**Student:** 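Take a look at this one; I'll ask things after.
Worth knowing before you read on, the calculation uses all heavy atoms, side chains too, and leaves out hydrogens, waters and symmetry mates. By convention in this document, chain letters (A, B, ...) are assigned in the order of the sequence lines, proteins followed by strands, and residues within each chain are numbered from 1. In this text, all values refer to a predicted model and were calculated from it rather than measured experimentally.
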Amino acid sequence: MNPSMAPPLSTLSPSTMAVSHFPLSKPFYPKPTSSTSSPSFQCHSSISEQLRPLSLSLLKDTPAHDESANSKPTWLNPTKSKPNIISLVRHRKTKPTSNGNPQSLLLNPTLLQTLVSIPDSDKDLFFSTLTEAFPSPPSDDDVLFLLNSLYRHPKKSILLLEWLKQSSFLLETIFYNLVLKSLRNARQWDQVDRIAREMLHQGPQPDNITFSTVISAAHKCRRFEKAMEWFDMMYSAGVLPDEVTFSAILKVYAILGKKEEALILYERGRAAGWKPDHVAFSVLGKLFGDAGDQDGMLYMRDEMKRLNIVPNVVVYNTLINGFGRAGRPNISKELFEEMCKLGVNPDERTLTAILKIYGKYKRTRDAMDIWARMKENRWPMDQILYNTILTMCADLGMESEAEKIFEEMKQSYKWLPDKWTYSVMIKLYCRRSKSDCAWKLLFEEMPQRGLRPDVTCYTSLIDCLGKEARVDDVVAAFESAMETVPSQIDDKLCCCLLSTMARCKDEMQMNAILACIEKASPMLHSLICMLWNESVGFDEIKESFRELLSKAPINVRRPYCNCLIDLCTFQPGFPSHRPRELFNLGNIYGLYQGFQTQRQSEWSVDLRGLSLGAARAALDDWLESVAETVEEGEGLPPQFRIFTGYGLDRFKSVLPRYLEGYLSETGAPFHKSEEMAGSFVAEKADLLQWLHSQGILSVVVSEIL
DNA sequence: CTAGGGTTAG
């Protein structure tokens, strides 16, 4: 944002200030704050007052009454003149004093039951019951007890408050705060807002507990703008936030991804002498972690070192997670070892985090090390950790270990396998082409245990069965999915159906899958019909394809395109130009970027990760572009290379084998590269001659060479 | 619950 567009100073508040001072695109990490370098503001009660000295130096028409403040030399006592943005002492909880009846009236034990049983709408009965129970005003303790007991009954909390108001009971802030808590629990934002405003206007005076409750209520009700509004209101109400309220608003910034705003507030608090605690650091750590911002997290670490704060387990957890997310497993590992060394015991979440990272980054050795230490140190375990270990085993291809743990869970009385567990095991089996094992878990064990599979279980199984070309079983699995999770059927599952369709052996199979697709996605079904129809042109296909893609999640778009190309490549009945049309569309929509490389010594195309049909289309496309270059009279390198990858397992070797066959079938002069496994090379002259023989290149080759 | 803020899974 342009500084010249900043709002007038009178409207500045902590949240708007942050936006106006720093461009959002620039990461901003303040220098370490020390008491000597902190800006010397005067002590004022509100943000706009704090900013007044600044406004005096920036604006010409200054109100006269401010001049005395400005003329005071600010360096007179720099240690005392800190900006008043945060209260350095936490709000103290005190017992109410006004209704100081030392002996609590003996509560009729059935009173509470009676109150709870009264319908919310029957205000009169609620009031008369209370009046009967308390002929003289209740004591503070009675009211505290009642309010705490009505925590889960928001409507009655309000009724009690109203009754207290009309009796002679002196309502202090604490009683309102308890009502707010009850309303927050029920996520009744409008009521929270109403009661808090009532406090502002009629009293009792809201305090830090009021504001932090209101801010966290706004957070819980996802009314983030209201959270910021109330934070700003604190200052105008003359209540200085303390560290708890500060963390609450920082959390709101974190959820909104407002990095700069959070940092500015943080830095201003630091300048005011605030020593952030573990909660503040975990909030900021999470903020930077979610943003994949390593520098932000490193800055937090430095700050803690500077302040001599040893992170606690929660802070370590957020950082370990964050660095894992930011693609820095080594830093996560360092942090994990550091906390162990410092005697900060890892908990379930720590272990979940680190094992997830080791699984994701294929760090088998590190994972096994943790696994051993878990047993040795009797580190704590929970359901999520159990399932994460299974996921990790799946990621690392440790099938038998996973099976062992799975059995262990079945024997356990504490951590029985749940639907997550089954979903991981099904995925693991499907990845290893063991569809029968997955089938048994999905259709036998899960129902036996009363577990409802979700759509991902079906998707894994359908994908696996499809790769094995077991069309009838795919149809059966799909029909079961339609019965049990019809509303969850998504693009990913459609993609698996599509890829099965590309493998069908005859028309009957094709029609069976097509019928499934029609039920799952009419839009996809109609696109397939258009692709079939010779008379449908490129623009129509493009529009229909665009519609399909724009509705699909990003990670399914490329698979969609791949599968459609495969379908048109390998099944009869589609016009022969369809695969290239779809490939071009994939390029137009940015699905296939960056697999062509041009160096002086060599041009190459990287087909790894493409489906068979898409790889063939990409190869044809590349060869044509080579021919075009020649026709445009531009220079070529001496050598050309195709990367196909090489796979030791059955799955990864499919593409290399297919392309090898395709190349020899067409007589293309590419041969297996000896110096670089997983690639094929051709000499320039051979390639050009072949291109000419295929009619791809019209220029006579001898003339170029 | 005993007035307020923080972290884990396809």
**Student:** Using residues 313-324 of chain A as the side-chain source, report each donor-acceptor pair under 3.5 Å to any protein atom, sequence neighbours left out, with the distance given to one decimal.
**Tutor:**
residue: Tyr316(A); atom: OH; partner: Glu338(A); partner atom: OE2; Å: 2.5
residue: Asn317(A); atom: OD1; partner: Thr350(A); partner atom: OG1; Å: 2.6
residue: Asn317(A); atom: ND2; partner: Val313(A); partner atom: O; Å: 3.4
residue: Asn317(A); atom: ND2; partner: Asp347(A); partner atom: OD1; Å: 3.2
residue: Thr318(A); atom: OG1; partner: Val315(A); partner atom: O; Å: 2.7
residue: Asn321(A); atom: ND2; partner: Asn317(A); partner atom: O; Å: 3.3

**Student:** Counting only side-chain heavy atoms from C-beta out, which of dG6(B), dA9(B), dT7(B) sits nearest to Trp420(A)?
**Tutor:**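 The answer is dA9(B), which lies nearest to the side chain.
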**Student:** Please state how far atom CG in Leu351(A) lies from atom C1' in dA9(B), giving the value in whole angstrom units.
**Tutor:**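 These atoms are roughly 14 Å apart.
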**Student:** Between dG4(B), dT7(B), dA9(B), which nucleotide gets closest to the side-chain atoms of His91(A)?
**Tutor:** dG4(B)
**Student:** Rounded to whole Å, please give me the gap between CG in Asp418(A) and P in dT8(B).
**Tutor:** 19 Å
**Student:** In terms of side-chain heavy atoms, does Asp141(A) have a donor or acceptor partner in Ser139(A) at a distance below 3.5 Å?
**Tutor:**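 There is no such pair between these side chains.
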**Student:** Of all the choices, dA3(B), dG4(B), dT7(B), which nucleotide is nearest to the side chain of Thr213(A) once you look at every atom?
**Tutor:** dG4(B)
**Student:** Of all the nucleotides listed (dT7(B), dT2(B), dA9(B)), which has the minimum atom distance to the side chain of Thr388(A)?
**Tutor:** dA9(B)
**Student:** Using only heavy-atom distances, decide whether a donor-acceptor pair under 3.5 angstrom links the side-chain of Thr245(A) to the base of dG4(B).
**Tutor:** yes
**Student:** For a quick test of reading the model: is some side-chain N or O of Lys181(A) closer than 4.0 Å to OP1 or OP2 of dG4(B)?
**Tutor:** yes
**Student:** Confirm from the modelled atom types if Arg90(A) and dG5(B) form a donor-acceptor pair under 3.5 Å, side chain to base only.
**Tutor:** yes
**Student:** Does dT7(B) have OP1 or OP2 sitting under 4.0 Å from an N or O in the side chain of Lys251(A)?
**Tutor:** yes
**Student:** With distance as the sole criterion, do the side chain of Asn177(A) and the base of dG4(B) form a donor-acceptor contact below 3.5 Å?
**Tutor:**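 No pair found.
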**Student:** Please pick, from dA9(B), dT8(B), dG4(B), the nucleotide with the shortest atom-to-atom distance to any side-chain atom of Arg349(A).
**Tutor:** dT8(B)
**Student:** Could you check whether Val314(A) gets within reach of a base, just the sugar-phosphate, or nothing at all, counting any heavy atom under 4.0 Å?
**Tutor:** base
**Student:** Determine whether a donor-acceptor pair (one donor, one acceptor, N or O, separation below 3.5 Å) exists between the side chain of Ser282(A) and the base of dG6(B).
**Tutor:** yes
**Student:** Check whether any side-chain N or O of Arg92(A) sits under 4.0 Å from OP1 or OP2 of dG4(B), and answer yes or no.
**Tutor:**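 Checking dG4(B) against Arg92(A), no side-chain N or O comes under 4.0 Å of OP1 or OP2.
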**Student:** Separation of Ile320(A) atom CD1 from dA9(B) atom P, in whole Å?
**Tutor:**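 Ile320(A) atom CD1 is separated from dA9(B) atom P by 14 Å.
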**Student:** What's the gap between dC1(B) and dG6(B) when it is taken at their P atoms, as a whole Å value?
**Tutor:**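 Pairwise P distance, dC1(B) against dG6(B), rounds to 15 Å.
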**Student:** I want to know whether Phe169(A) and Phe175(A) have ring centres closer than 6.0 Å.
**Tutor:**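 Ring-ring flag for Phe169(A)/Phe175(A): true, centres closer than 6.0 Å.
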**Student:** For atom C1', what is the distance between dG4(B) and dA9(B), given to the nearest Å?
**Tutor:** 30 Å
**Student:** Any side-chain donor-acceptor pair under 3.5 Å between Tyr176(A) and Glu198(A)?
**Tutor:** yes
**Student:** Rounding to a whole Å, what distance do you find between Leu180(A):CG and dC1(B):P?
**Tutor:**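 Answer to the nearest Å: 19 Å.
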**Student:** List for me each residue that meets ring pair (Phe, Tyr, Trp, His ring centres under 6.0 Å) alongside Trp439(A), sequence neighbours excluded, and say none if there are none.
**Tutor:**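 Result, ring pair (Phe, Tyr, Trp, His ring centres under 6.0 Å) vs Trp439(A): Phe443(A).
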**Student:** Quick one: label Leu178(A) by what it contacts on the DNA or RNA (base, sugar-phosphate, nothing), any heavy atom closer than 4.0 Å.
**Tutor:**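 Counting heavy atoms under 4.0 Å across all strands, the contact made by Leu178(A) is with sugar-phosphate only.
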**Student:** For Lys427(A), answer base if it contacts any base atom (sugar-phosphate contacts may also be present), sugar-phosphate if it contacts only those atoms, and nothing otherwise; contact means non-hydrogen atoms under 4.0 Å.
**Tutor:** base
**Student:** Ignoring the backbone of Arg325(A), work out which of dG6(B), dG4(B), dA9(B) is nearest its side chain.
**Tutor:**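 That would be dA9(B).
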**Student:** Please give, in whole Å, the distance from dG4(B) P to His219(A) NE2?
**Tutor:**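 Interatomic distance, NE2 of His219(A) to P of dG4(B): 16 Å.
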**Student:** Please state whether the base of dG5(B) and the side chain of Asp277(A) form at least one donor-acceptor pair under 3.5 Å?
**Tutor:**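 Side chain to base: pair found, below 3.5 Å.
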**Student:** Would you classify Asp454(A) as touching base, sugar-phosphate or nothing, given that sugar-phosphate means primed atoms plus P, OP1 and OP2, and contacts are heavy atoms under 4.0 Å?
**Tutor:** base
**Student:** Specify the separation, in whole Å, of atom CG of Asp347(A) and atom C1' of dT7(B).
**Tutor:** 8 Å
**Student:** Nearest whole Å is fine: how far is dT8(B) P from Leu355(A) CG?
**Tutor:** 16 Å
**Student:** Between Phe211(A) and dG4(B), do the rings stack, that is, sit under 5.5 Å apart with planes less than 30° off each other?
**Tutor:**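 No, aromatic ring not over the base.
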**Student:** Is the closest basic N to carboxylate O distance between Arg431(A) and Asp463(A) below 4.0 Å?
**Tutor:**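 Answer for the salt bridge query: no.
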**Student:** When all nucleic acid strands are considered with a 4.0 Å heavy-atom cut-off, which category describes Val315(A): base, sugar-phosphate, or nothing?
**Tutor:**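 Since a base atom lies under 4.0 Å of Val315(A), the category is base.
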**Student:** Take atom CG of Asp242(A) and atom C1' of dG4(B), then tell me their distance rounded to the nearest Å.
**Tutor:**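 Whole-Å distance recorded here is 8 Å.
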**Student:** Is a side-chain donor-acceptor pair under 3.5 Å present for Tyr458(A) with Thr484(A)?
**Tutor:** yes
